[in-house]
Amino acid sequence: MNRLLAWNRWLGWGTLLLLSACLWMVFHVPMDYQQGNAVRILYVHVPSAKMALFVYLILTLFSIWYLWKKSETADILAEAAAYVGAAFALVTLVSGSLWGKPMWGTWWAWDARLTSMLVLLILYVGIIALRNAFDDTVKGGRATAILAIFGAVDLPIIHFSVVWWRTLHQPPSFNQSASGPTITGPLLPPLIWMSVAFVLLGMFLLLLKAREIQQRRTLDAMELERASHA
Amino acid sequence: MLKAIYRLAWKDVIADFRHRSTFSSMLFFAIAVLLVFQAAFEPDPQEAQRLVPGLLWSTVLFTTILGLGRVFQAEEENGALEGLLLAPLPRGAIFFGKWLGNLVLSLLVMTMLVPLTLVLFNVTIWGHVPMLLLLLFLGTMGLTALGVLLAAMTQTARSRETLLALLLLPLVAPLLIAGVQSMNSVIASGSLTGPWLNLLLIFDVVYLALAPWGFGWLMEE
Amino acid sequence: MLKAIYRLAWKDVIADFRHRSTFSSMLFFAIAVLLVFQAAFEPDPQEAQRLVPGLLWSTVLFTTILGLGRVFQAEEENGALEGLLLAPLPRGAIFFGKWLGNLVLSLLVMTMLVPLTLVLFNVTIWGHVPMLLLLLFLGTMGLTALGVLLAAMTQTARSRETLLALLLLPLVAPLLIAGVQSMNSVIASGSLTGPWLNLLLIFDVVYLALAPWGFGWLMEE
Amino acid sequence: MTPLQILDMAHRFGRRIVLRRVTLRVEPGECAVLYGANGSGKSTLLSLLATRLRIQQGSCLLGDVNLQTHGDLARRYIVLIGHHSHLYGHLSPMENLLFFRDMHQVAADMDALADAIGAVGLEPFAHQPVRWFSAGMKKRLSLARLLIARPRLLLLDEPYSALDQDGVSWLNGVIHRFQHQGGLVVMASHDPEKVQPLRHTPWHLHGGLLQSVTESHRC
Amino acid sequence: MTPLQILDMAHRFGRRIVLRRVTLRVEPGECAVLYGANGSGKSTLLSLLATRLRIQQGSCLLGDVNLQTHGDLARRYIVLIGHHSHLYGHLSPMENLLFFRDMHQVAADMDALADAIGAVGLEPFAHQPVRWFSAGMKKRLSLARLLIARPRLLLLDEPYSALDQDGVSWLNGVIHRFQHQGGLVVMASHDPEKVQPLRHTPWHLHGGLLQSVTESHRC
Ligand code: HEM
Ligand SMILES: Nc1ncnc2c1ncn2[C@@H]1O[C@H](COP(=O)(O)OP(=O)(O)OP(=O)(O)O)[C@@H](O)[C@H]1O
Ligand SMILES: Nc1ncnc2c1ncn2[C@@H]1O[C@H](COP(=O)(O)OP(=O)(O)OP(=O)(O)O)[C@@H](O)[C@H]1O
Ligand SMILES: [Mg+2]
Ligand SMILES: [Mg+2]
């Protein structure tokens, strides 16, 4: 774990480099005639949406690992993953809303994808809140791990029920636009690179947060130790 | 072991009828919500008919959450939960006992809620009442299973009432959707079958299978 | 005495808030409630506008009752309520302390709820937001006053008092209906005055005057 | 300082008569210790003195304050440490004492609170939630209140239970000092050995009547 | 009957180490009494033996049942009467015992329950809700469970607190008979005088270590 953390600095620089390169690319792709400049939001929106989902998968794995092996490293990583995932989900929602205003004329619509992303964010927030509601790290860790696993079972069900809910009945007022225009041609490579950059960014943030959590826990422990020897 | 489960549920139900009054405050809340919507919407009968499933399910959801806040409260009183965990019972049995007690109370509230709603909103679909009740019962099974688990989870947490609701609401979203939609189709076509009913059943099975296991993990120190 | 009231409310509120996430969990709790209503009613924008008062008031009712379950629970734990009653304070002060703590939490949820509702349901009546909030605040004052009294009743656990809890329903219902109707008239005509508002104010004054007295009476052995 | 005078006090819960006729006078500096079987009404008597229960019959004067008619006033001069700890599990010792201070409207700054916590040996735990404390640690914390409040009448309901030997002698020291300053103490206990070091008057509560205990048949 | 063997057991709550290395062997008929300061870990040790807490380090055998791996099985042979009464306030003594019986799956008919209630002197209150009982009456009721369950290992956490003199000698009688039948007892207490009449082995828990107590410096 500690070795990983030391190595993280290089990961940070790498991420920064790649991100700047991608941003340069993003501002040099030809503009979409239909969507105008707003299309550039896509390069933040889509990768962060994918990362929000991906981080939840990782969170679930860490949770299972923690329940099984009772390893504190897994617990710390799971705690960090919740924050990182929440951040990506929030970015997705905000960028989506900002995009939605010019595209659909509203900030929000009750569409399948939007709803399940919102649920994911609530779930992340719930996980963070649950952990913070305990004084005892072990109890908090165990409770959150179980909740995370339940969320993992539930997310696919939510996703599909939300899809059916909308497609079986009233079609959304904006036909299909959430799935967006298929992305082709010169728009595609920057997106792929951006996705890679976001994966790196996610890893970097995860390890950064994990280190903060680890240090905080060590500090707490030191304080306790000092207190009980006083 | 069945006897132990029964006894555990018995204790909670008795408690309620002796004094804790979860039941009356749940019912109280349900009626108040119905009145609020009546006042807010003043729906004509047709509109009302469309609203009924939503009203029923959202009331069920919220009253259940209200009831859940108290599930483990009696156990706190004299360290009784600890006493329970000292019994030679698998944790799953304790879970089922608590679940059963809560289920009974929820079902009682529901049984009163459905006719009340129909009367208050002047919706004359009395023939569908048994099916509506059946759907609510099915939904409540999964709902309370998840709810009891989360109640156990948040028992020693800070500001646990809000937390419980925050954790439960997103997780039961599919149940709610399935419940509302299957009720819609009952009201529209009178038939109980369909994909939504299946989703409801899947949800029940998944949660009733997973929750005791989660409870066992939770109670381990 | 003001300090004691403040400290009592502090214990209930600030103690919860020591951890960063309480605030955000309330925010997302409000969002989750809206999600449930969306799934339940699926309103189109026009319908949504009519639903808004009902949604807001029933959420207020729900969060208030939810909070109430907790109000006296912390007091049960180690006989703390008894400790409270041993303090050289008039019972009224204890009531106000508990009331204040509960009020703060309800108001916080409400403040977040109103703008969120408008965004998520695409209802563009932004100009009315301050008035809507004002109405909710007014209603919450009376509602929590009654609620704290009710919680105290069910807490002391003498069985005849569950009956009293049910008797409170007819008391709360007019308050809620007045709230809904005054909100309807705000949305329709933009004006805050009217008989419903007066009714709301009357309820507040009456409940806030009577409840401490009732509380004192309840706590006397 | 002023004496406590209980005259012909009786109490019933519903139909069950617990105290028939209790008369007791406690002089400044005196410590009256109530012995008696389980359920004989010791805690009930203390609750009456603490004005927690309404006095149904008889009268009770603390100096010239009538507990029956001036409960609010009397509560300023009385502290009861009962069977229950009256602590909030989610608060730390410091916060619990802060809460007690403001509720009882006594003047005590943070240092005084910290000192009280130190005196009962809980300094290392001063900022941890009370919920997970051991039984004795909770008892110690609830006794720490004695150091903050400056009551005239101190009511102790089985104060020694859950305390270890150090705790017992610390508590006896506190009571002793309090007596020395002219305070009144009424205590219920089942541990004559632990009360022994104190200068006290033993009483025996039986059948709702309070009887003086001669040294020989002390219970 | 079979002995209880604790080997090198350690326990920590989070980062706080409460037990460092505890080794103890209790033979059939023996009663081990734990003394120690408040917060020294006596209750923690009893909770570990009751399989309420997971054994983190070391091992513990009751006969040939390993408490760490076969908690469910072990709980059948163990009864813990702790600080808390584990009673439900809204149930009567009869109902509370019924509940205990069904939870612990012991065979006892209603008469046996009524007898147990009579034995602890609660007969007049057998059908009243426990909530308003006095502290000692609650303690008596929680001890009445000893008469219903037939454990091999009896764990008692400060069993004498709140009991009056009759209660103490009744309890000592029960423990004595239990020892006589070859049962194992582990008890935590702060009252050496009350344990005195029992044939027992005193231990002292300090700094997470368990030390044998010589008669002279018994705590
Ligand atoms: C708050 C509003 C929005 C949310 C929560 C949201 C959420 C999402 C999610 C969850 C994905 C899927 C990622 C995946 O499955 O791999 C996604 C992809 C996408 N979104 Fe959004 N979105 C929002 C608004 C918008 C708007 C307004 C547009 C543009 C009209 C848009 C265009 C797209 C496109 C083009 C994709 C990529 C499609 C694909 O890869 O299949 N989104 N969004
Ligand atoms: N669940 C828990 N979580 C965290 N800390 C705990 C927990 N239970 C006990 N402790 C801590 O462990 C220490 C030992 O507690 P324990 O209850 O075993 O003491 P004890 O010897 O029984 O004391 P007493 O004589 O006061 O009953 C205490 O400092 C307590 O705060
Ligand atoms: N609030 C109440 N309502 C009804 N009965 C009560 C109440 N409080 C106490 N009693 C009854 O009064 C009797 C005396 O109780 P009390 O607590 O005074 O006894 P005690 O002398 O303190 O006993 P212990 O030594 O066990 O603490 C008991 O029988 C009890 O059941
Ligand atoms: Mg008593
Ligand atoms: Mg202990």
Side-chain angles (χ1 to χ4, degrees), chain B residues 16-29 31-43 47 50-51 53-59 61-63 65-67 69-70 73 76-77 158-170 172-174 176-177 179-181 184, chain C residues 15-19 22 25-26 28-29 31-33 35-37 39-43 47 50-59 61-63 65-70 73 76-77 105 109 150 153-154 156-159 161-163 165-166 168-169 172-173 176-181 183-184:
Chain B
D16 208 76
F17 282 99
R18 293 230 175 122
H19 83 103
R20 227 167 247 287
S21 69
T22 315
F23 176 68
S24 57
S25 61
M26 280 163 85
L27 193 64
F28 159 83
F29 171 77
I31 296 174
V33 167
L34 292 181
L35 286 177
V36 166
F37 273 100
Q38 173 65 33
F41 218 54
E42 293 173 15
E47 242 178 351
R50 202 185 80 78
L51 273 181
L55 270 178
L56 285 178
W57 280 101
S58 53
T59 315
L61 187 59
F62 290 128
T63 50
I65 293 178
L66 287 183
R70 285 160 220 212
Q73 193 184 331
E76 281 259 282
E77 212 178 321
R158 254 186 299 275
S159 59
R160 58 191 188 75
E161 307 277 344
T162 321
L163 196 56
L164 176 59
L166 173 66
L167 301 182
L168 186 67
L169 290 181
V172 294
L176 187 75
I177 295 169
V180 169
Q181 300 300 344
N184 272 339
Chain C
D16 277 357
F17 267 82
R18 264 185 320 197
H19 278 247
T22 307
S25 73
M26 282 183 135
F28 283 95
F29 162 72
I31 296 182
V33 170
L35 185 82
V36 165
F37 281 123
F41 296 118
E42 302 180 51
E47 243 181 349
R50 283 187 64 197
L51 270 179
V52 162
L55 289 184
L56 289 178
W57 281 101
S58 57
T59 315
L61 183 70
F62 172 62
T63 50
I65 295 187
L66 196 62
L68 288 175
R70 206 206 39 212
Q73 194 191 327
E76 278 258 285
E77 213 177 320
L105 289 178
V109 174
L150 184 142
M153 275 176 189
T154 50
T156 51
R158 280 183 259 155
S159 53
E161 270 136 18
T162 46
L163 251 181
L166 276 179
L168 278 180
L169 172 62
V172 180
L176 288 173
I177 292 172
V180 168
Q181 297 297 359
M183 206 174 267
N184 271 339

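Every chain is numbered from 1 and lettered A, B, ... according to where its sequence line falls, protein lines coming before strand lines.
- Using a 4.5 Å heavy-atom threshold, the side chains of Leu55(C) and Phe37(B) count as touching.
- Of all non-hydrogen atoms in Phe29(B) and Ser58(C), the two that sit nearest each other are CE1-O, 4.5 Å.
- Between Arg50(C) and Glu47(B), at least one side-chain nitrogen of the basic residue sits less than 4.0 Å from a carboxylate oxygen of the acidic one, meeting the salt-bridge criterion.
- The side-chain contact (heavy atoms from CB on, under 4.5 Å) search around Ile177(C) returns Ala39(B), Gln181(C), Trp196(C), not counting sequence neighbours.
- Contact annotation: the side chain of Phe41(C) never approaches that of Val180(B) to less than 4.5 Å [non-hydrogen atoms, C-beta and beyond].
- Here the CZ atom belonging to Phe62(C) is positioned 9.0 Å from the OG1 atom belonging to Thr63(B), to the nearest 0.5 angstrom.
- Of the listed residues (Val33(B), Leu56(B), Leu66(B)), the greatest number of heavy-atom pairs within a distance under 4.5 Å of chain C belongs to Leu66(B).
- Counting heavy atoms from C-beta on, the side chains of Val36(C) and Trp57(B) never come closer than 4.5 Å.
- Proximity to chain C (any heavy atom under 4.5 Å) is restricted, for Leu176(B), to the side chain, taken from C-beta onward.
- Within the 4.5 angstrom heavy-atom criterion, no atom of Ile31(C) approaches chain B.
- Within the model, atoms CG of Leu61(C) and CG of Leu35(B) stand 10.0 Å from one another, a figure rounded to the nearest 0.5 Å.
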